[in-house]
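Quick note on labels: first sequence line is chain A, next is B, and so on, each numbered from 1.
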Protein chains: 2
Amino acid sequence: MSAEGSGDARGRAGRAGRAGRRAGDEGAARVPLAHRVPDLGALELLLFVARLGSLGRAAREMGISQPAASSRLRAMERQLGVVLVERSPRGSRLTDAGALVTDWARRIVEAAEAFDAGAHALRDRRDSRLRVAASMTIAEYLLPGWLIALRGGRPGTAVSLYAANSSVVAQRLREGAADLGFVEGTDAPAGLDGAIIGHDRLVVVTAPSHPWARRRGPVAPEELAATPLILRERGSGTRQVLDAALRAHGGLAEPLLELASTTAVKSAAVSGAGPAVLSELAVGDEFSTRRLVEVPVDGVRLRRDLRAVWPVGERPAGPARDLLGLTRGRG
Amino acid sequence: MSAEGSGDARGRAGRAGRAGRRAGDEGAARVPLAHRVPDLGALELLLFVARLGSLGRAAREMGISQPAASSRLRAMERQLGVVLVERSPRGSRLTDAGALVTDWARRIVEAAEAFDAGAHALRDRRDSRLRVAASMTIAEYLLPGWLIALRGGRPGTAVSLYAANSSVVAQRLREGAADLGFVEGTDAPAGLDGAIIGHDRLVVVTAPSHPWARRRGPVAPEELAATPLILRERGSGTRQVLDAALRAHGGLAEPLLELASTTAVKSAAVSGAGPAVLSELAVGDEFSTRRLVEVPVDGVRLRRDLRAVWPVGERPAGPARDLLGLTRGRG
DNA sequence: ATGGGGACATAGGCTGAGGTTATGAGTGCC
DNA sequence: GGCACTCATAACCTCAGCCTATGTCCCCAT
């Protein structure tokens, strides 16, 4: 099996030359990503073609005409400079390069589905059948996946999402403004029943270029405690857990950098500034694209519980129960 | 902190009603993803606004005019039904909902960057300064990340990619048609030097709804061997490793399903058909969105080496060495 | 052999999303 | 009070992408 670019690259110069001609010629070849990557519709079309084996059927599935699909696919191939699909009078098959591109495209489309699920929950508010309140970390990293699964299992369940910190989530449940909540932390908020649905682990990460990425054995707690780290600001959940875990080992050193958001911490770590400590939920992408690597640490407990919570006595039923069923098993 | 949809939802019916009106009214509300998710340009714009704190600066960064950015952002907010950005006469800040949406958007954009890096390598062929040949699994899951990193560290390195199975990769290196190769497998191909850059682990996965997802202890090798699994066809690398590992434990049972591609195996597993065995590289997304969970297995070695290879005597130098430096540290 | 049906490609015409410039209006600083 | 910065509005333009209609190729069934 081989996959290699095999299309003509004609017209590339033309595209590059056109983009952003009038405004802002001061920079270098600044071509925004959106001009180098086919749009979501084209990627989705490619996935349909891969699955259905026919341009026309893919077109029908997407609600467009066959010529539209044909031309769109061709435009995508011209843009990438690679032939993706082998047409024949009785169907279409991916080329080897096409199979590779399709898999990369699938990851974009899946991220878009998670986006859609999340955005949908953010929009549909009080009129929803299931009102969820969740901590930021859970809302950001886990809920979209659950919502996609929920949609698969129980289509038509409208979910609304309210994201806040743990105490506000608890507040909302007690007020009856939400049906089901998700928080992370060591103990369940007062006045609420709950169940542990999994665990979140804090991980020490560095850029692959950092010395710690190459060391043989794990880092000892004392070494971690003594090393200046990239951290969230004091008061964040992550920082609290880390502080508690390392207190017995000499206490946290003065941070190397103290940043306001998880994203900022990640960026700093990726750029090689130093080791950072983050929720493992936050670094899945960075691990799989190898921008960050985990540094094993020995003998420190860096876990916190992930909890579903609800008002005392009101056992989740109906859609809340459905969602709860999807959340078990992590950690 | 709270993040909730707070925008008007006007115009939603209008959009839905327009899409796909003429062709194919036979289905239900079939609105392709592309119409529910803002396009890449808009998402990128949102990320710039989040980072730069100003609509106009974000516009300049993207090479468009400020009014264009303004209108585009507004259109995105209308589409999502959520106010994302708080404008003020001296800058713009994300709302809480906007912060959440921005993080989801970032994942789409990152997937698009990986796509771009891969597609670029697929297009630029013999004229590139670094010709890489890689096995399918590595080309698909790891190389895009490396290429992004390489672009960061050494801009201007043009990479071409040839993806094939291990023996073809070896062939190409011996012929001098590639400068650096990547293969997975237990031993290095003949006639080539190489270095182990990491390991790939096979994992047993199920849908979260499967009984194995909820069991307490790990699965014993004998139990795994006796259970019908969803597998790649005989002859695939995955299948070979699994076969060898379980031979001592009674040998692999007749498969539940035998499918031709990794994607097909994943889909079957996600839909709950049964347990599947896959490279951990292939299931990162499914883990983080919780569509699949890992089932621990006891006492079986399901690892295979990931190897960088090159012609005997020709130590990688220049760009090949740069790339090699980025690949160390996995597993 | 010959017509039917499915596949993809080509041609010509339309629409609208998204771009541009020009301008207005609010805020803070010197 | 002007200047520098923000964002919003208005009026216009262009082209990407859609449609329908038609052509060509291939396979199969009559």
Quickly work out the [X] [atom1] to [N] [atom2] distance and round it to whole Å.
X: A:Glu44; N: D:dG17; atom1: CD; atom2: P; result: 15 Å
X: A:Glu77; N: C:dA9; atom1: CD; atom2: C1'; result: 13 Å
X: A:Leu45; N: D:dC18; atom1: CG; atom2: C1'; result: 13 Å
X: B:Leu55; N: D:dC5; atom1: CG; atom2: P; result: 16 Å
X: B:Glu86; N: D:dA8; atom1: CD; atom2: P; result: 12 Å
X: A:His35; N: C:dA17; atom1: NE2; atom2: C1'; result: 13 Å
X: A:Gln79; N: D:dA16; atom1: CD; atom2: P; result: 11 Å

(message) A quick test of your reading: do over 12 heavy atoms of other residues, nucleotides or ligands sit less than 6.0 Å from CZ of A:Arg239?
(response)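 Count over threshold, so yes.
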
Is there a side-chain polar atom (N or O) of [X] under 4.0 Å from OP1 or OP2 of [N]?
X: B:Arg87; N: D:dT6; result: no
X: B:Arg74; N: D:dA8; result: yes
X: B:Ser65; N: C:dT20; result: yes
X: B:Arg90; N: C:dG28; result: yes
X: A:Ser70; N: C:dC8; result: no

(request) Look at all strands and tell whether B:Ser71 reaches a base, only sugar-phosphate, or nothing, counting heavy atoms closer than 4.0 Å. (result)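 B:Ser71: no heavy atom of the nucleic acid under 4.0 Å.
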
(message) Heavy atoms only, 4.0 Å cut-off, all strands: where does B:Ala68 land among base, sugar-phosphate and nothing?
(response)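 Touches a base.
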
(request) For B:Glu77 and B:Leu84, work out which heavy atoms get closest and say how close. (result)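 Looking at all heavy atoms of both residues, the shortest contact is OE2-N, 2.8 Å.
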
(message) When you measure from the centre of the six-membered ring of B:Tyr162, is the NZ or CZ of B:Arg131 closer than 6.0 Å and no more than 45° off the axis?
(response)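 So B:Arg131 doesn't make the cation-pi contact.
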
(message) With nearest nucleotide decided by heavy atoms, which residue, A:Asp39 or A:Pro67, maps closer to the 5′ end of DNA chain D?
(response)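 It is A:Asp39 whose nearest nucleotide is closer to the 5' end.
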
Of the nucleotides [options], which one has an atom closest to the side chain of [X]?
X: B:Pro89; options: C:dT27, C:dA7, D:dT6; result: C:dT27
X: B:Ile64; options: D:dC27, D:dC7, C:dG19; result: C:dG19
X: B:Ser92; options: C:dG28, D:dT20, D:dT6; result: D:dT6

(message) With a 3.5 Å cut-off and heavy atoms only, can you find an N or O donor on one side and an acceptor on the other between the side chain of A:Gln66 and the base of C:dA7?
(response)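 Donor-acceptor pair under 3.5 Å: no.
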
(request) Look at the side chain of B:Trp104 and the backbone N and O of A:Glu140, then say whether any donor-acceptor pair between them is shorter than 3.5 Å. (result)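 Here the side-chain-to-backbone pair exists.
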
(request) In plain terms, say whether B:Arg232 and B:Glu258 are close enough for a salt bridge, that is, a side-chain N and a carboxylate O under 4.0 Å apart. (result)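 No, no charged N to carboxylate O under 4.0 Å.
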
